[in-house]
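Only one structure is covered here, and it is reproduced in the block below.
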Number of protein chains: 2
Amino acid sequence: MNQQTTLARREPPALREGGLKEPTDRQQAVLDAVLALMVEGGEPTMSAVARRASCSKETLYKWFGDRDGLLAATVQWQASKVRAGNYDRTRLDANALRDSLEAFAANWLRVISSDTSLALNRIAIGNATKAGDHLGGIVLANGRFAIGERLKPLLEAGREAGLLAFDDAEEAFRTFFGLAGRDVQIRLLLGDAARPSETDIRSDAARAARQFLALYGAGKPSTR
Amino acid sequence: MNQQTTLARREPPALREGGLKEPTDRQQAVLDAVLALMVEGGEPTMSAVARRASCSKETLYKWFGDRDGLLAATVQWQASKVRAGNYDRTRLDANALRDSLEAFAANWLRVISSDTSLALNRIAIGNATKAGDHLGGIVLANGRFAIGERLKPLLEAGREAGLLAFDDAEEAFRTFFGLAGRDVQIRLLLGDAARPSETDIRSDAARAARQFLALYGAGKPSTR
DNA sequence: CAATTGCCGTACCGTACGTTACGGTTCGGC
DNA sequence: GCCGAACCGTAACGTACGGTACGGCAATTG
């Protein structure tokens, strides 16, 4: 009960702090420019952003407060574009479970090997030691933790359907995470050229699902 | 006839390019200072290095060429300190195999969660997009790839002893890598506070070895 | 039409940092 | 005891960049 009462529908003058506000179309264009610059050349400068987005630096500071605010808004903007792909909640049999696991693994592999994700993770990691940094936390919350929260319901549904056996959903998820991602992300982050093709991603996702079911599948010796 | 003919045995004046030369004691002290600064505050400045190592900037430039040369020499210096821990080549039975796998996993977990490794990886990742950068390649070669080359002989020995079954040693190794590391490294790189304790590392290593044997163990249903 | 608002383009300031230059000191060899 | 090489400490230079200020323009408001 302290918030802006008649903010009109123009636009939020500054989307700092909580990052709760939704950016306007113009602001989204600025954030997309930041993303493009990140993909091209690492940490973008304020001048480069202003040039690329055809806006003045003064406007950047008015909207985002300072450079950190701009970066944080960019990370959240990208995160808001990625959410997708829950599992089909109906009819969970062994095949549907396997398909959903494959879909999760493939989706995750596509995300972590995308240019935007790599650029964002590089910058968040590079700033992780600097004081008062939130980027790493934001990236973790929207990447690793978000997919965990979306996958665990599937795992628990699989357990209730008698298809999976595990004690701790978090532990089971972490194993799935390791089987799916393996060394892909760290290699790409370090500049290794071996970007997986769509074919690689599909077969890796299938292998990850198969191995996960071999470890956590209940009863049936379907795995092999 | 351009080189200094009587260089005496003092010390290599510049260890650039191939990084083949061994640093002198004094140079090692400088590189240790760089490592300490990296752990404390991320990317070190040349002035900070000179101050910490009690040497002049002129000397830094004479020895290492430029800032990139200093960073590359530091990465290689740290890498040269890590090599350790092959497996016991004699008497490979099921228990010895499991023990060796556990030892590899525990060693790897200790490395990737150490302050030095984290600092080095952060810097290599941060510079991965910059032109003419070798740090990422050096880190990969001495981390991920080095452990792979040391573990694969164990896996193949296990296969010849009839204890393991796999087609491609690289594929098997990557699975082991994923089971052991899971999300630990990326979480720590992004600033997540959850550093595993020695107890965590031991139990995680045991779990990774058990799961790997469940997936790749030959014949015997020893796993579980 | 005049005043206000929002924003672009550009110039500017202060600082941090990579790199170079220089005077002074130590030390091994003659 | 002298010479030169290696090295330390520090100052200086050029540049890049975060952040600020200002003039001008277009659209909106009254």
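In what follows, chains are A, B, ... by sequence order, proteins preceding strands, each numbered from 1. These numbers come from the heavy atoms of this one structure, side chains and all, not from hydrogens, waters or symmetry mates.
The side chain of B/Arg26 places an N or O atom within less than 4.0 Å of a non-bridging phosphate oxygen (OP1 or OP2) of D/dC8. Contact annotation: B/Thr59 side-chain N/O to D/dC8 OP1/OP2 distance is under 4.0 Å. The shortest distance between the side-chain N/O atoms of B/Trp63 and the OP1/OP2 oxygens of D/dC7 is below 4.0 Å. Under 4.0 angstrom from either OP1 or OP2 of D/dC17 there lies no side-chain N or O belonging to A/Ser47.
Checked against C/dC17, D/dA6, C/dG9, the side chain of B/Thr45 finds its nearest nucleotide in C/dC17. When the nucleotides C/dG9, D/dA6, D/dG19 are ranked by their closest atom to the side chain of A/Ser54, C/dG9 comes out on top. Considering only the side chain of B/Cys55, D/dC8 comes nearest among D/dC8, C/dT20, C/dC7. Of the candidates C/dT19, D/dG19, D/dC8, C/dT19 carries the atom nearest the B/Lys57 side chain, counting heavy atoms from C-beta on.
The side-chain heavy atoms of B/Arg195 and B/Ser114, taken from C-beta on, include no pair separated by under 4.5 Å. Under the 4.5 Å side-chain criterion, counting only non-hydrogen atoms from C-beta, A/Asp66 is not in contact with A/Met46. Between B/Thr175 and B/Gln211 there is no side-chain heavy-atom pair separated by less than 4.5 Å.
The base of C/dC7 lies outside donor-acceptor range of the side chain of A/Glu58, with no N or O pair under 3.5 Å.
With rounding to whole Å, B/Arg67 atom CZ is found 16 Å from C/dA16 atom P.
Exactly one residue among A/Phe177, A/Phe176, A/Phe173, A/Phe104 makes a ring pair (Phe, Tyr, Trp, His ring centres under 6.0 Å) with A/Phe212. That residue is A/Phe176.
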